[in-house]
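Here is the structure we will look at, set down as structure tokens.
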Amino acid sequence: MRVLISGAGIAGPALAFWLHRAGADVTIVEKAPGLRPGGQAVDVRGVARGVVENMGLMPAIRASRVDERGIALVDNRGRRLAEMPADLFGGEGIVAEIEISRGDLSRILVEATATMADYRFGDRITALTPDGRATFQSGGSARYDVIVGADGVHSGVRALAFGPEPDFVRPLGGYGALFTVPAPDDLNHWAHMYNAPGGRVALIRPTVEGRAMAALNFLSRTRYGRLSREEQQRLIARNLEGAGWKVPSLLAAMPTAADFYFDSIDQVHVDTWSRGRTVLLGDAGYCGSPLAGLGTSMSLVGAYVLAGELATHGDPEAAFPAYQNAMASYVAEGTRLPPGGMHAFAPKSRLMIRARAASMRSMSRWPMRQLLAKQFGKSDAITLKPYTFAALQTPKP
């Protein structure tokens, strides 16, 4: 079976691993010229841990994980208003026991599958036909038995095979920027989060020694079109002006950050994840946004299930519905926002900021602890089948 995957982030390489085990011929195209370093801290939760353990990658992931021991809500002077240690909910809370930068996790997956798939960086799919023929930006075309969109929220494959982005992407009313900065001396392996009135949020998370990842977020119902890097940074600076705390120093460091990234905060909902020979995986088909906190785990689990159903059924026409059926409840839980959604994450008033701090302080006590344990327990909301990855043959036309 010839499989074409768009996206060399997390979902695509993970799928390539399992498809290779089933004997498939896998090609991965990635529009970026190479691996993207840095990025936000992502976590491996619940059943996804079992997936990476079965891939043999847990030692490498643990070796590269971030030493983040919890998250603290701070005020304008840096005083802690509330905190949640990483081990409070058995390693499944706001900060998980296994936190790793997105760039490091992607690197580990790509390195593990370098000989299992034909990686083509700096290329992308520009056209698709119902019978599985893909045309590439680099020139030429080829036919594949399965084409997988694992290319994120703004999926190019989804746009080609399913329709325009607004049909599937739901804005949550916010924007955010990520970039690496020198680590402040007072982090002590903790993430620090600061809320300013007007729905503005600054977050600093430790990464490697001496470095940290800064996140600057603001509420906005305005939908901005394509912006240059300079326009994005001016927008961030304008909305975070006067926010206080460490925000001025973060804004000053932003222009020279090599890994600056800016995007809207969105969810993705697609009713049916497949069209003909094309299927969606991970954020391209189901994304709860960073607020939901299960995107990486859903990508890893989805890759295992999609490959397993293809190996079980052989025919994509049968495998795709089985994949969606197996994942449906897990994805429904994984895309559900925590109580309060964006406005709990980015309160507008000082009163709501104080209420948020009080709520966070109560998380370790009954009854809030029991309620949140159920929320964080969604990472285990699927029982994985023990697939046998038999050799995949080319399906009948």
Side-chain angles (χ1 to χ4, degrees), residues 36-45 61-105 107 176-196 200-218 233 236-237 240 242-262 290-291 293 296 344-347 353-354 356-361 363-364 376:
R36 297 173 178 174
Q40 65 184 356
V42 298
D43 46 57
V44 181
R45 298 172 179 265
I61 290 173
R62 287 190 177 277
S64 296
R65 69 175 177 166
V66 175
D67 184 9
E68 187 172 285
R69 300 171 189 176
I71 184 169
L73 198 63
V74 300
D75 67 9
N76 189 40
R77 298 181 182 180
R79 297 174 298 190
R80 293 192 178 192
L81 304 175
E83 58 185 41
M84 178 182 285
D87 60 0
L88 182 59
F89 289 92
E92 301 289 348
I94 295 176
V95 175
E97 186 260 335
I98 300 177
E99 296 273 349
I100 182 172
S101 77
R102 183 191 180 280
D104 281 341
L105 181 56
R107 172 184 54 79
L178 293 166
F179 51 96
T180 298
V181 297
D185 294 335
D186 59 353
L187 282 187
N188 295 320
H189 303 287
W190 277 70
H192 288 181
M193 183 175 182
Y194 168 71
N195 288 100
R200 299 177 292 174
V201 186
L203 177 66
I204 305 178
R205 305 185 72 168
T207 54
V208 297
E209 190 66 31
R211 308 296 286 171
M213 181 60 60
L216 297 175
N217 302 272
F218 63 91
Q233 293 186 355
I236 287 286
L240 273 293
W245 188 52
K246 299 180 187 295
V247 172
S249 63
L250 298 180
L251 291 174
M254 182 172 63
T256 57
D259 58 349
F260 175 81
Y261 176 80
F262 172 86
L291 275 65
T296 299
F345 169 70
I353 291 172
R354 289 195 295 269
R356 185 176 189 274
S359 175
M360 189 170 176
R361 287 193 295 269
M363 288 181 178
S364 62
F376 295 133

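All values below were derived from every heavy atom in this structure, side-chain atoms included, with hydrogens, water molecules and symmetry-related copies excluded.
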inquiry  = My understanding is that only residues two or more places apart in sequence, or in another chain, count here; which of them pass side chain to side chain contact (heavy atoms under 4.5 Å, CB included) with Arg80?
reply    = Ala72, Val74, Glu83, Trp190, His192
inquiry  = Run the ring pair (Phe, Tyr, Trp, His ring centres under 6.0 Å) test against Phe262 and tell me which residues pass, sequence neighbours left out.
reply    = Tyr175
Quick check for you: to the nearest 0.5 Å, what is the distance between [X] atom [atom1] and [Y] atom [atom2]?
{"X": "Asp43", "Y": "Leu105", "atom1": "CG", "atom2": "CG", "answer": "10.0 Å"}
{"X": "Glu68", "Y": "Arg205", "atom1": "CD", "atom2": "CZ", "answer": "4.0 Å"}
{"X": "Arg45", "Y": "Thr296", "atom1": "CZ", "atom2": "OG1", "answer": "9.5 Å"}
{"X": "Gln233", "Y": "Leu216", "atom1": "CD", "atom2": "CG", "answer": "10.5 Å"}
{"X": "Met213", "Y": "Thr207", "atom1": "CE", "atom2": "OG1", "answer": "6.0 Å"}
{"X": "Leu81", "Y": "Arg361", "atom1": "CG", "atom2": "CZ", "answer": "7.0 Å"}

key: Side-chain heavy atoms of Ile71 within contact of Leu203, under 4.5 Å   = yes
task = Report yes if some heavy atom in the side chain of Met193 is under 4.5 Å from a heavy atom in the side chain of Met360; otherwise report no.
result = no
What residues form a salt bridge (charged side-chain N to carboxylate O under 4.0 Å, His left out) with [X], not counting sequence neighbours?
{"X": "Arg211", "value": "none"}
{"X": "Arg36", "value": "Glu30"}
{"X": "Arg77", "value": "none"}

Over all atoms of both residues, closest heavy-atom pair of [X] and [Y]:
{"X": "Pro347", "Y": "Arg356", "answer": "CG-CD, 3.5 Å"}
{"X": "Ile100", "Y": "Ser64", "answer": "CG1-O, 3.8 Å"}
{"X": "Ala215", "Y": "Leu178", "answer": "CB-CD2, 3.6 Å"}
{"X": "Val201", "Y": "Ala346", "answer": "CG2-CB, 3.5 Å"}
{"X": "Val66", "Y": "Pro206", "answer": "CG1-O, 2.8 Å"}
{"X": "Ala212", "Y": "Leu187", "answer": "CB-CD1, 4.0 Å"}

query = Taking the side chain from Tyr194 and the backbone from Val247, do they hold a donor-acceptor pair closer than 3.5 Å?
reply = no
Would you tabulate the side-chain donor-acceptor contacts of residues 249-261 under 3.5 Å, counting partners in other chains and residues two or more places apart, or write 'none'?
| from | atom 1 | to | atom 2 | distance (Å) |
| --- | --- | --- | --- | --- |
| Ser249 | OG | Lys246 | O | 2.8 |
| Thr256 | OG1 | Ala253 | O | 3.3 |
| Asp259 | OD1 | Thr180 | N | 3.0 |
| Asp259 | OD2 | Thr180 | OG1 | 2.5 |
| Tyr261 | OH | Asp263 | OD2 | 3.1 |

task = Take Ile204 and Trp245, measure what side chain to side chain contact (heavy atoms under 4.5 Å, CB included) needs, and give me the verdict at the end.
result = CA-CA 11 Å; Ile204 305 178; Trp245 188 52; 3.7 Å; yes
